[in-house]
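Each remark here refers to the structure printed beneath this line.
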Amino acid sequence: MEKTFDAAAEEPRISALWREAGAFAAGAHARPGADAFSILLPPPNVTGSLHMGHAFNHTLMDILARWKRMQGFDTLWQPGLDHAGIATQMVVERELAKAKAPGRREMGRDAFVRKVWEWKAQSGGTILRQCERLGDSFDLSRNAFTMSGAPAAPAGEEGNFHDAVLRAFVTLYERGLIFRGKRLVNWDPHFETAISDLEVEQVEEMGSLWRLRYPLEGGATCEHPVAFDEDGRPTAFETRDYLVVATTRPETMLGDTGVAVHPDDPRYAHLVGRTVRLPLVGRSIPIVADAYADPEKGTGAVKITPAHDFNDWEVGKRAGLGAINVMDTRARIALRDNAGFWAGIDGGDELADLDGMDRYEARELIVALAKDQGWLDGIDAETHTVPHGDRSRVAIEPFLTDQWYVDAEKLAGPAMAAVREGRTRILPESQEKVYFHWLENIEPWCISRQLWWGHQIPVWYGDWVDPQGRLQHEAGGATPPADEPHVFAEHGRLVRAFCGASREAVREDAEAWYRARMGERVIVRFEGESEDVAGEFPEEADVAFVMLRRDPDVLDTWFSSGIWPIGTLGWPEETDDLRRYYPTSVLVTGFDILFFWVARMMMMQLALVGEVPFRDVYVHPLVRDEKGKKMSKSLGNVLDPLELIDEYGADAVRFTLAAMAAMGRDLKLSRDRIAGYRNFGTKLWNAARFAEMNECRPVPGFEPTGVRLTANKWIVGETGRLRVALDAALGEYRFNDAAAALYGHVWGKVCDWYVEFAKPLLADPETAAETRATMAWALEQCLVMLHPIMPFVTEALWGQTAERGTVLALGDWPTFGAEMIDAEADAEMNAVVGLVDEIRSVRAQMHVPAGAKVTLVTVETAEPAWLDRNRALVARLARIERFETATEAPKGAVTVTVGGFAFAIPLAGVIDVDAERVRLAKAIEKQEREAGGLRSKLGNAAFMARAPEEVIDEARARLEALEEEITILAAARDRLAGL
RNA sequence: GGGCGAUUAGCUCAGCGGUAGAGCGCUUCGUUCACAUCGAAGAUGCCGGGGGUUCGAAUCCCUCAUCGCCCA
């Protein structure tokens with residue numbers, strides 16, 4: 001064997017081994033009749049590449065999957081990719097621009113979608129190959145994709161996911177849980193699409209607060225304070241014929257439809273109901289009373305632009321103000337063909353200059369005009385939060401449009417109940433509160449996107465026909481009848497919506513509806529279909545013809561990933577997989593997508609199949625850099641997991657992540673830490689190397705509880721202890737405890753002590769055979785139990801140390817436990833360890849040369865039995881040459897105590913009396929401090945009366961042992977005084 | 001503004017009612033036949049401040065301070 005594990009060379013070979021063995025197939029290594037353990041890979045974006053967050057998330061899942069698989073559960077780890085609407089469309093558009101190819105608009109929708117599929121075939125899914133480097137054991141034969149089976153999907157992209165998404169939409173639509181509405185949305189002017197609340201990030205920016213003067217109409221005036229007394233009360237006023245409003249967005253004044261003041265604001269009470277004349281525009285707009293106007297902020301009067309601000313929208317609704325949209329989809333001022341804008345005004349020349357201008361240019365121009373025309377009252381610097389699109393990074397524009405919404409409030413109830421009733425657990429518990437808080441305050445979820453890459457909404461529109469059979473072609477401005485839920489106003493006319501999972505279903509539905517209103521001779525066609533109706537009604541000339549146009553929008557990516565749990569298992573078909581693996585066992589995810597994904601999956605699965613999607617949700621922290629900063633490309637502090645794997649090996653990276661995965665806190669990753677765990681792998685490797693050199697090979701039928709030698713019994717017991725601790729930790733997602741238990745066992749027990757104990761035993765023919773077998777077994781168990789966290793090095797050693805019938809990934813997880821512990825062996829070896837530690841410590845402190853051999857004197861008539869039996873070990877580990885007994889410690893010796901026995905080490909000529917005096921004094925002081933505490937405790941009547949008996953007994957026993965040691969040490973100190 | 005969390009050894013963090021822990025770093029010693037990606041030994045803590053509950057508090061409660069994060 002080499003001295004170290006060559007991760008770079010071995011890892012690909014081992015990955016291939018697993019692939020060939022089909023080790024990750026669902027159900028591999030399942031016991032007959034085993035329960036299922038299923039876990040979903042949160043589908044990475046098809047555009048993505050593996051970053052540290054994935055590496056962490058995947059490592060935790062892989063540990064669970066490998067552990068459960070080895071335990072014999074019917075394990076499914078379901079992988080797949082997310083089509084990631086905006087992100088992918090963005091990437092492909094960027095690629096097209098880079099290649100100087102025609103852009104999206106030039107090539108048209110169908111061609112563009114084909115391009116995206118081409119791109120996906122070529123470079124999508126890189127991330128899944130990168131996952132192999134990490135050791136992810138998901139079942140790639142079941143790889144899913146959120147766009148599989150979509151109409152334009154090329155060969156090889158078949159699947160049911162598209163059908164499932166449409167089915168989900170139709171089901172929710174039919175149950176009234178999806179609706180269409182005209183309201184303000186968060187509009188991304190860069191991508192020209194609506195986005196949901198969650199995709200908006202609030203960014204704090206330095207900005208200005210502009211004060212604008214709006215002239216009062218009808219001779220109204222207001223008194224404005226100009227001087228104050230020392231208590232801040234106004235003492236002098238000036239009469240003004242204008243109102244000052246403060247705004248951070250002067251450009252939206254073009255769409256103002258009112259000015260609000262607080263109802264209790266004495267300054268303006270008399271003005272409520274009057275009007276102001278909007279500068280530049282010339283529109284008369286009312287002054288309204290609304291508590292939204294904060295008397296403390298600005299001037300206390302606030303301009304109201306319902307079409308461009310969420311708060312103003314609400315004020316406008318309350319006050320009955322109209323909403324005038326003054327921008328286009330790219331957030332440019334749009335006035336020319338804007339009928340709503342021109343209604344009732346004729347406007348000044350400046351408006352022509354503003355038309356078509358970007359919103360920020362328009363802002364500058366309007367401020368300049370205000371200054372020139374004397375209605376700019378002043379400018380204050382102010383910081384404020386500005387909403388930004390999380391993908392585009394541009395300021396979003398509240399925008400009045402028709403969009404599809406999920407009535408999230410109705411879905412939230414069952415999602416909260418499921419957690420409240422414990423059908424789904426969220427861990428750590430603190431995340432439950434976050435979950436509830438969000439669901440309790442949930443707003444309708446905007447799910448339509450004005451994009452091309454995604455699931456096109458399965459809704460078609462045809463002209464509305466009223467119950468009397470009259471077509472409403474030109475019903476401009478008509479509002480949909482209240483009793484008709486499927487009727488909407490589209491581009492100024494009424495349309496009837498038909499929703500269905502297939503064209504056939506929609507055609508049938510539509511035909512039935514139209515025929516009921518217009519007679520049997522109605523032909524329904526989809527846009528793009530032939531308009532030739534001759535074949536169907538050859539005899540009839542007066543056939544009514546209805547054309548259905550599909551809603552061009554696509555669904556929010558999170559709508560489709562929201563059904564990931566059932567969609568990947570074949571829903572809406574009632575598949576065996578669904579029965580077998582649903583609900584999934586656990587979802588492992590970062591808290592950053594608790595709302596985006598987890599809560600929505602809960603809502604959607606409960607709505608669609610009436611059952612929770614997962615039993616447990618383990619919410620893990622985010623990976624940050626060494627300084628605790630979120631890793632980001634712009635900060636340049638990104639640690640690339642692949643680079644780290646190249647440098648330290650996948651096992652080291654995985655172990656580090658597991659070791660740092662304590663619940664509820666961010667984890668800060670450092671290279672030192674990874675190097676440390678790489679060293680741990682080397683340590684294990686060399687223990688195996690030692691075993692190989694000593695011909696320790698697994699013995700078939702080896703029975704660990706049948707060993708005779710104390711040291712062997714001891715390591716068998718320690719191994720049992722580890723299994724219990726490890727399973728307990730993993731069962732509660734305490735990955736860091738699992739990692740610590742393994743580290744402590746392998747390094748602290750096996751390597752530090754058992755290997756050393758074994759050395760003399762291996763040299764003695766009497767004890768060699770049993771020790772070889774035990775050593776092989778103990779190491780084998782280390783490999784097995786370490787495998788979920790460090791799969792590569794353990795698999796390599798597994799294959800190297802014996803002929804195996806199977807890969808370790810499909811090895812059997814142990815079930816032994818506390819019954820393996822032999823209390824006597826435990827006590828004996830602990831005494832040996834204690835003695836060796838004491839002697840080593842004394843030697844180091846007395847500066848005894850490392851190579852020097854010394855004598856150990858038991859200050860007693862006879863040696864304790866445990867020492868007698870383990871002389872060879874102590875001799876070797878503590879460098880003892882001779883063992884003696886004496887009733888009194890020799891002069892010039894140092895004293896140590898172990899298990900109530902006093903041992904002396906004669907160091908005549910070597911001993912530094914002063915150093916020994918200091919050492920003893922220090923030891924006694926420490927013991928006395930503890931003993932003192934215990935004595936006062938035991939002397940405390942309240943403690944004796946109220947503390948549990950075990951605690952009292954424990955304290956007594958501990959005090960007794962302490963006093964014994966103190967006696968010995970004190971005697972040693974007194975003897976020293978004579979020197 | 002609302003909510004959540006953190007404050008423990010030089011650093012990064014466990015522990016969350018019964019004797020203060022780990023890794024890294026640091027100091028000293030060591031080329032003993034598994035391992036220098038190593039071994040042995042060692043130092044370092046009023047467990048953020050104050051108050052309370054309790055026989056007993058790093059751990060539970062209150063409060064203050066500081067720092068994060070999420071939602072407005």
Side-chain angles (χ1 to χ4, degrees), chain A residues 1 3-5 197-198 202 310-311 385 387 428 430-434 436-438 441 591-592 594-595 621-622 624 626-630 648-649 652 656 659-694 696 734 736-737 739-740 743-744 747-748 750-752 755-756 758-759 763 779 836-837 839-851 853 876-879 926-927 929-931 933-934 936-948 950-952 954-955 958-959 962:
Chain A
M1 278 173 82
K3 273 192 170 182
T4 57
F5 173 61
D197 303 347
L198 286 179
Q202 303 295 337
F310 286 99
N311 289 314
T385 51
S430 59
Q431 293 295 322
E432 250 185 34
K433 286 184 204 156
V434 182
F436 284 129
H437 185 256
W438 188 69
N441 299 290
F591 63 76
D592 51 333
L594 186 66
F595 306 145
L622 295 186
R624 295 173 190 277
E626 292 175 58
K627 297 185 190 78
K629 286 257 172 12
K630 193 169 174 175
Y648 301 102
T656 308
M660 299 181 72
M663 283 201 203
R665 269 229 244 180
D666 295 342
L667 56 112
K668 297 173 190 162
L669 199 58
S670 76
R671 300 180 94 91
D672 282 348
R673 192 91 190 238
I674 303 171
Y677 291 122
R678 186 264 327 267
N679 296 354
F680 174 62
T682 305
K683 190 74 182 173
L684 173 75
W685 182 265
N686 278 290
R689 197 161 150 251
F690 169 82
E692 189 205 37
M693 288 170 153
N694 287 281
C696 304
R734 286 185 285 109
N736 57 318
D737 285 348
Y743 192 98
W747 202 313
V750 175
C751 293
D752 284 351
V755 166
E756 296 306 328
K759 282 174 184 172
L779 282 172
V836 170
D837 272 343
I839 299 169
R840 280 174 172 173
S841 180
V842 158
R843 289 177 60 120
Q845 284 178 64
M846 294 299 120
H847 303 295
V848 177
K853 298 209 167 185
R876 183 186 184 88
L877 297 175
R879 314 234 92 206
K926 192 175 160 220
Q927 314 266 45
R929 210 177 322 134
E930 200 188 328
L934 287 167
S936 73
K937 229 178 193 182
L938 290 164
N940 182 334
F943 174 78
M944 297 305 286
R946 300 196 198 183
E950 312 91 83
V951 175
I952 295 174
E954 216 176 282
R958 177 74 191 139
L959 180 60
L962 277 172

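To find a chain, count down the sequence lines: A is the first, B the second, and so on, and within it residues start at 1.
- Residue A:Lys3 places at least one side-chain N or O closer than 4.0 Å to OP1 or OP2 of B:rA36.
- Counting non-hydrogen atoms under 4.0 angstrom, A:Val951 reaches a base of the nucleic acid.
- When the C1' atom is used for both B:rU8 and B:rC47, the distance is 4 Å, rounded to whole Å.
- Residues A:Ala955 and A:Leu934 approach most closely at CB-CD2, 3.9 Å, considering heavy atoms.
- Remark: side-chain polar atoms of A:Asn686 are paired, donor with acceptor, to backbone N or O of A:Thr682 under 3.5 angstrom.
- Between A:Tyr677 atom OH and B:rC35 atom P the separation is 24 Å, expressed in whole Å.
- Residue-level contact check: A:Lys433 touches the backbone only, with heavy atoms under 4.0 Å from sugar-phosphate atoms and none from bases.
- Although no hydrogens or angles enter the test, the distance criterion places a donor-acceptor pair under 3.5 Å between the side chain of A:Thr656 and the main chain of A:Ala652.
- A sub-4.0 Å separation between OP1 or OP2 of B:rU32 and a side-chain N or O of A:Lys759 is absent.
- B:rU53 and B:rU59 are spaced 15 Å apart, taking the P atom of each and rounding to whole Å.
- Here A:Phe310 pairs with A:Leu184, A:Asn186, A:Pro398 under the side-chain contact (heavy atoms from CB on, under 4.5 Å) rule; sequence neighbours left out.
- If you take atom P in B:rA14 and the same atom in B:rU27, they sit 27 Å apart, rounded to whole Å.
- For the pair A:Leu198 CG and B:rC71 C1', the interatomic distance rounds to 10 Å; values are reported in whole Å.
- Around CD of A:Glu954, the count of heavy atoms belonging to other residues, nucleotides or ligands within 6.0 Å does not exceed 12.
- Atom P of nucleotide B:rG2 and atom CG of A:Asn441 are separated by 15 Å, given to the nearest angstrom.
- Using a 4.5 Å heavy-atom cutoff, the side chains of A:Val951 and A:Phe943 are in contact.
- Salt-bridge check for A:Glu692 with A:Arg689: failed, with every basic side-chain N at 4.0 Å or more from each acidic carboxylate O.
- When heavy atoms are screened at a 4.0 angstrom cut-off, A:Glu756 is found touching base atoms of the nucleic acid.
- In this structure, CZ of A:Arg843 is placed 14 Å from P of B:rU32, rounded to the nearest angstrom.
- Distance, A:Asn940 CG to B:rU54 C1': 12 Å, rounded to whole Å.
- Taking the ring centroids of A:Tyr677 and A:Tyr743, they lie under the 6.0 Å cut-off.
- The side chain of A:Arg879 approaches B:rU32 more closely than any other nucleotide in the set B:rU37, B:rA34, B:rU32.
- Of the P atoms belonging to B:rU12 and B:rC4, the separation is 26 Å, rounded to the nearest Å.
- Contact check for A:Trp747 versus A:Asp752: side-chain heavy atoms found under the 4.5 Å cut-off.
- For the C1' atoms, the distance linking B:rA9 with B:rC24 amounts to 12 Å, nearest Å.
- Using a 4.5 Å heavy-atom cutoff, the side chains of A:Arg840 and A:Leu877 are in contact.
- Of the two residues near RNA chain B, A:Leu962 and A:Cys751, the one whose nearest nucleotide lies more 5' is A:Leu962.
- Spacing of C1' atoms, B:rA20 relative to B:rG56, comes out at 15 Å, to the nearest Å.
- Looking at residues two or more places apart in sequence or on another chain, you find no side-chain hydrogen bond (donor to acceptor under 3.5 Å, both in side chains) involving A:Arg843.
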Would you list the protein and nucleotides 41-45 of chain B atom pairs, both N or O, that sit under 3.5 Å from each other?
{"residue": "B:rA41", "atom": "OP1", "partner": "A:Asp837", "partner atom": "OD1", "Å": "3.4"}
{"residue": "B:rA41", "atom": "O3'", "partner": "A:Ser841", "partner atom": "OG", "Å": "3.4"}
{"residue": "B:rG42", "atom": "OP1", "partner": "A:Ser841", "partner atom": "OG", "Å": "2.9"}

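- Formation of a donor-acceptor pair under 3.5 Å by the A:Asn694 side chain with backbone atoms of A:Cys696 is not found in this model.
- Residue contacts for A:Arg689: at a heavy-atom cut-off of 4.0 Å it reaches the sugar-phosphate backbone alone, with no base atom in range.
- Applying the side-chain hydrogen bond (donor to acceptor under 3.5 Å, both in side chains) rule to A:Asp737 yields the partners A:Arg734; only residues at least two apart in sequence or on another chain are considered.
- Atom name C1', nucleotides B:rA22 and B:rU44: the rounded distance is 15 Å, in whole Å.
- Distances from the side chain of A:Phe690 to the nucleotides B:rA34, B:rC35, B:rA40 place B:rA34 closest.
- Atom P of nucleotide B:rA57 and atom CZ of A:Phe943 are separated by 12 Å, given to the nearest angstrom.
- For the pair A:Asp737 CG and B:rG21 P, the interatomic distance rounds to 16 Å; values are reported in whole Å.
- The side-chain heavy atoms of A:Trp438 and A:Leu198, taken from C-beta on, include a pair separated by under 4.5 Å.
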For nucleotides 24-27 of chain B, which of its nitrogen or oxygen atoms have a protein nitrogen or oxygen under 3.5 Å away, and what is each distance?
none

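- Nucleic acid contact class of A:Ala740 (heavy atoms, under 4.0 Å, all strands): none.
- Paired regions of RNA chain B, where each region holds three or more successive Watson-Crick or G-U pairs whose two hydrogen-bonding distances fall under 3.5 Å, are B:1-7 with B:65-71, B:10-13 with B:21-24, B:26-30 with B:38-42, B:48-52 with B:60-64.
- Between the CG atom of A:Asn736 and the P atom of B:rG15 there is a distance of 6 Å, rounded to whole Å.
- In terms of position along RNA chain B, the nucleotide closest to A:Ala691 lies nearer the 5' end than the nucleotide closest to the other residue of the pair A:Ala691 and A:Thr4.
- Spacing of P atoms, B:rG49 relative to B:rG45, comes out at 15 Å, to the nearest Å.
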